[in-house]
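Report on the structure given below.
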Amino acid sequence: MKKEMSEIKRRALLAKQRLKMGYWQRMREEQDRVAEATNDSAVIRSARNARLREFEQQSRRALGDDFAERDERLYGKVRDMLDRDEDVSDPIGRLVDREVFDSLDDGNKQRYILELSAKFRELKERYYKEKSKFV
């Protein structure tokens with residue numbers, strides 16, 4: 001319980017710092033600039049999603065969570081898998097932590113698989129973005 005409270009306090013502190021430093025105002029101004037520069041809703045949506053992912057990554061790093069470390073380990077697995085073969089037939093099966101999966105009940109197994117598949121899509125998108133930067 002004590003660890004959970006400290007996490008809540010850290011998150012509150014980060015939120016307060018973002019407000020003080022005008023983070024959300026800058027995000028709104030950037031969104032307005034993108035909207036003025038283009039009328040393409042897909043570009044606007046893509047920019048918004050990129051900012052959201054960046055915000056989440058910064059939050060994880062700032063909190064020192066194990067989430068960022070786990071995501072990076074999982075990203076390493078995804079990167080290795082896609083480097084070997086971009087047409088993987090069972091990516092979720094390769095990423096599942098069997099020890100964790102076997103300890104879950106049926107409902108939690110479904111939730112685990114859904115969360116893992118969403119995370120795989122996110123990490124696969126990151127992989128292709130990073131790969132396109134170097135090509």
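It should be emphasised that the depicted structure is a prediction, and the values quoted were computed from it without experimental measurement.
- Glu72 and Arg126 are joined by a salt bridge, as a carboxylate oxygen and a charged side-chain nitrogen come within less than 4.0 angstrom of each other.
- A salt bridge links Asp90 with Arg94: at least one charged nitrogen is closer than 4.0 Å to a carboxylate oxygen.
- In the hydrophobic clustering of ILVMFWY residues, with side-chain heavy atoms under 4.5 Å counting as a link, Leu104 and Leu114 come out apart.
- The OH atom of Tyr112 lies 9.5 Å from the CD1 atom of Ile92; values are rounded to the nearest 0.5 Å.
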Could you walk me through whether Met81 and Leu95 pass the side chain to side chain contact (heavy atoms under 4.5 Å, CB included) test, one step at a time?
CA-CA 10 Å; Met81 185 179 4; Leu95 296 175; 3.7 Å; yes
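- Residues passing the side chain to side chain donor-acceptor pair (under 3.5 Å) test with Glu125 are Arg53, Lys129, sequence neighbours excluded.
- Using a 4.5 Å cut-off on side-chain heavy atoms (C-beta onward), Tyr128 and Leu82 make contact.
- Atom CZ of Arg28 has 12 or fewer neighbouring heavy atoms from other residues, nucleotides or ligands inside a 6.0 Å radius.
- Residue Lys109 places its NZ atom among more than 12 non-hydrogen atoms of other residues, nucleotides or ligands, all under 6.0 Å distant.
- Under the rule for a side chain to side chain donor-acceptor pair (under 3.5 Å), Arg79 has no partner lying at least two apart in sequence or in another chain.
- The 12-atom threshold is not exceeded at CG of Asp106, counting heavy atoms of other residues, nucleotides or ligands nearer than 6.0 Å.
- At least one side-chain heavy atom of Leu74 sits under 4.5 Å from a side-chain heavy atom of Leu116.
- Between the side chains of Tyr127 and Asp83, at least one donor N or O lies within less than 3.5 Å of an accepting N or O.
- Between Lys119 and Glu122 a salt bridge is recorded (basic side-chain N to carboxylate O distance below 4.0 Å).
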